[in-house]
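Here is the structure we will look at.
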Amino acid sequence: MTSHAQVNTPANAPLNAIEAHHIVKRFDGETAVDGIDLTIKKGSIFGILGPNGAGKTTTLRMLLGIIDPDEGERFLLGSPDPITKAHQVGYLPEERGLYQSMKAYDAIAFMGALRGLPLAEGRKRGRQMMEEHGLGDAANKQIRQLSKGMAQTVQLLGTIVHEPDLIILDEPFSGLDALNQGKLERLIRGQADKGVTVIFSTHVIAHAERLCEEIAIVANGKIPFTGKVSTARDRLRPQVHLETRNLDGSWRSAIPDDCEPLGHNWHFTLPESGVEPLLRALIEGDAGIQSLSIERPGLHDAFVHIAGEAVAKKMEEDNALEGEAV
Amino acid sequence: MIETIRASFVIARRDFAAIIFSKSFFFFLLGPLFPLIIGIAAGGLGQQVRQDIDRPVIGVALEEGEATKLASARTALAKSLGNGGLPELLVLENVDPSDPKIREKLDTASKPLTAIISGSLEAPLLTGSEGDVKRWSGRVALLSETALSGSNPIEVKNDFVAATGSSKKRTQIATAQGGQIILILLTMILAGMVLSNLVEEKTNKIIEILAAAIPMDAIFLGKLFAMLGMALVGITVWSTLGFIGASVILSGMPNLPAPAVGWPLFCVLMVLYFSMAYLLLGSLFLGIGAMATTVREVQTLSMPVTMGQLLVFFLAAFTVTKLGEPVEWFAVVFPFSSPFAMIARAAQMENIWQHGVALIWQAMFTLIIIRFSVMLFRRNVMKSGNSGRKKSLLARIRG
C-alpha cells in the first residue's frame with residue numbers, strides 16, 4: 001500500500017477536505033439541519049459531536065452528496081458535486097450493511113470496486129487486510145456466517161480498501177465492545193498518521209476527546225461550536241478544589257463572594273487574575289492549605305457549557321442506551 | 001457518463017452473479033415448464049369435458065320414412081362437415097309428429113335431448129331452449145334440405161398454392177399476435193421481479209454505501225441490466241431447448257408463417273423489443289418498488305402493476321389489425337405499449353427504419369423514467385433516522 005503522507009499535494013489542490021456554507025435541510029417541513037457552516041482541514045482527525053437526532057447523519061449525508069441541501073453549498077475535496085470525488089472517499093454509514101451471501105474478502109473488494117478499485121486488486125487487498133486484522137480464517141466465509149463484530153470490521157476494511165484521502169465514519173463506535181472500540185481507535189490513528197483526513201460522528205465525548213484535534217458540536221441542527229478541542233475546553237475557566245484549616249481571614253477576599261464552604265472544602269472557578277495571586281493570598285492570609293487542586297475542564301464540561309444541559313443529558317442517555325444494547 | 005457506466009457495470013456484475021449462481025435461478029429456468037404442463041393438462045381435460053358437453057342429441061319425431069331420410073342425410077353430410085359438426089339424431093318411437101305436447105318428450109327420452117324435430121321435413125319444427133334452437137336450427141334446415149333432395153354432397157378437389165394475399169395477411173396477424181403474447185408473458189414475469197429489487201439493499205442497509213459511492217442512476221441502471229442479463233440467459237436456454245425439442249419431436253422446425261421483415265430480423269427485433277419492454281416497465285417498477293421498504297409493500301404493489309401491464313398489452317393487442325389508424329399510432333408512440341405495437345408492425349410491415357426510431361424513443365424514455373425514479377428516491381427515501389420510513393408508501397411516492 002502506498003503511504004499517503006508521502007503523496008505530493010498539487011499546487012491547486014484544495015486545502016480543506018470539507019467546506020460547508022450555511023447548509024439547510026428540511027424533511028416534511030421540519031428543519032433537520034439549520035444553516036451549518038463547517039470547514040475541515042485536510043490531514044486532521046475531526047469529530048462531530050452531538051446526541052442522536054441532532055443532525056449529524058443528515059449533515060454527513062449532505063457533505064457526501066447522498067442528499068442535496070435545500071439551501072447553502074458544500075464542497076467535498078474542493079468539489080461542489082461530492083459524488084465526483086467518491087474514488088477518494090471512504091464512508092462507513094451508521095446503519096451497517098453488507099450482502100449476506102457474499103464472501104468476506106469479496107465484500108471488501110466489492111466496496112472497493114464501487115469506488116474505482118479493480119476487482120482483482122480489491123480481492124487481493126481484501127485477503128491481505130483480513131490477515132493483518134486477525135480475520136484471515138474468515139476471508140472465505142459468507143457475511144452471514146460472521147459474528148456482528150467481524151462483519152463490522154469487514155465493512156470498515158471495505159471503507160478503506162481503496163486507500164482514500166478522506167474517511168467519513170458515522171457513529172463508528174456504535175455497537176462495538178470495548179476491545180473493538182480500542183482497535184478502531186488505533187485504526188483511525190493509523191490512517192491519520194498516513195495523512196488521511198478522518199471525520200467521524202459520535203455521541204461519546206470520550207472518543208472525540210482522545211482522538212480529535214478539532215471538533216464540531218452539533219445540537220438541534222446547528223453548530224454552536226467548531227474548532228480545536230483545547231479551544232472548547234478553554235471556554236470554561238479551571239475549577240479550584242481547596243481544603244483549608246481555617247475558615248476565615250484576609251485570604252477570603254481572593255475567593256469569589258458567592259462561594260460557600262462545604263465543611264472546610266471550597267469549590268470555585270479560578271478567578272480571572274489567575275493562580276499566582278490566589279496562592280499568594282492563601283499563603284499570606286494564613287488559610288492553612290490542607291490540599292489544593294486546579295482542574296482544567298474536560299470536553300464534557302465544555303460540551304455542557306456550549307450545547308446546554310438538556311442536550312448533554314440527551315447524549316448521556318443515548319450513550320447509556322447503547323451501552324445496554326452492547 | 002463513463003463513471004456511471006463503470007459503476008452500473010459493478011452493480012450489474014454483482015447482481016447478475018448473485019442471481020445466476022443462486023439455487024433459485026434453476027427454478028426460474030424451470031418456470032416456463034409449469035404453465036406449459038398445466039396448459040397441456042388443462043387443455044386436454046377441457047377438450048374432453050367440452051366434447052362430452054357439446055355432443056348434442058336431437059330427437060326425431062317424424063314419419064318413419066322421413067326419419068330414415070334424415071338419418072341418411074346426416075350420414076352423407078358428415079363426410080364433408082365432419083361428425084362433430086352435426087348433432088346426433090335419436091329417432092323417437094311412437095311419437096306423433098304433430099303431438100302438441102312434444103316438449104314433454106325432451107326429458108322423458110332414453111337420452112337427454114337438446115331439442116326435438118317434429119312436423120315434417122318440408123316444415124320442420126325444432127323444440128328446445130332458445131339458445132339450443134337458435135344454435136341448431138341452421139343445421140337442422142341443412143339436414144332437412146339434403147334429406148328432401150336426396151342428393152349426395154359434392155366432393156371438392158383441392159389445389160394448394162403457397163399463399164394468397166388474404167392468407168398472408170392472416171398469418172402475419174397471427175405472427176404479430178404470437179409475438180405480442182410472448183413479449184408480454186416474458187415481460188410480466190421479469191418486470192414484476194424488479195419491484196423487489198432494491199428491497200435487499202434497503203433491508204441489508206447497503207443502499208447508503210452504494211448511494212455514497214456511485215451515482216444513483218448507476219444503481220438503477222446496474223440493477224435493470226443485471227435482471228435483463230438474467231432474462232436473456234433464460235430466453236437463450238428456453239429457446240435453445242425449444243428449438244431442440246421442435247427438431248426432435250417434429251423432425252424439423254414447423255413451417256411457421258413468415259413475418260413481413262423475415263424470420264431472422266423478426267427474431268432480432270423480438271429480442272430488442274423484449275429488452276426495451278422490460279427496461280421501460282422494469283425502470284418504472286424499480287422506481288415504484290424503490291419506494292417500498294418491506295416485502296409486504298412490494299406484494300401490495302404487485303397487483304396494480306400487473307393490471308397496468310395487462311392494460312398496456314390489451315391496447316397493443318387491440319391495434320394489431322388497425323395498422324396506421326390513430327389508435328395504432330397511439331400504441332406505437334405511447335412508450336409502454338410501443339414495443340408490443342412495434343413487434344406487431346414487424347410482423348406486418350416490411351419497413352425497417354421505423355424500428356430504429358422506435359428503439360431510440362423507447363431507450364430515451366427509459367432514461368427519463370430512471371432519472372425521475374432517482375429523483376424521487378433521493379428526495380423521499382434517503383432520509384436520516386425514521387423520517388424516511390414512517391410515512392405511508394403513497395406519501396413516499398408523492399413526497
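Letters A, B, ... mirror the listed sequences (proteins, then strands); counts begin at 1.
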Between B/Arg6 and A/Leu114, is there a donor-acceptor pair closer than 3.5 Å when you use the side chain of the first and the backbone of the second? yes
Inter-residue atom distance B/Glu208.CD - A/Thr57.OG1, 0.5 Å rounding: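 Between B/Glu208 CD and A/Thr57 OG1, I get 7.5 Å after rounding to 0.5 Å.
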A/Tyr99 side, atom OH; B/Ile206 side, atom CD1 - distance, nearest 0.5 Å: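 Rounded to the nearest 0.5 Å, the OH-CD1 separation comes to 4.5 Å.
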Winner by heavy-atom pair count (cut-off under 4.5 Å) against chain B, out of A/Ile83, A/Leu60, A/Leu64, A/Asp106: A/Ile83
Please determine whether side chain to side chain contact (heavy atoms under 4.5 Å, CB included) holds for the pair A/Leu119 and B/Val10, giving the CA-CA distance in whole Å, both sets of side-chain angles, and the decisive distance to 0.1 Å. CA-CA 9 Å; A/Leu119 200 60; B/Val10 173; over 6 Å; no
List the atom of B/Ala213, the atom of A/Ala86, and the distance in Å for their closest heavy-atom pair. O-CB, 3.1 Å
Least distance between heavy atoms, A/Arg115 atom then B/Ile209 atom: NH2-O, 4.5 Å
Crowding at [atom1], [X] (>12 non-hydrogen neighbours, <6.0 Å):
| X | atom1 | result |
| --- | --- | --- |
| B/Phe334 | CZ | yes |
| B/Phe313 | CZ | yes |
| B/Arg13 | CZ | yes |

Run the side chain to side chain contact (heavy atoms under 4.5 Å, CB included) check on A/Phe110 and B/Ile11 step by step: do they pass? CA-CA 9 Å; A/Phe110 173 71; B/Ile11 298 291; 4.3 Å; yes
With only heavy atoms counted, which part of B/Ala7 is less than 4.5 Å from chain A, the side chain, the backbone, both or neither? neither
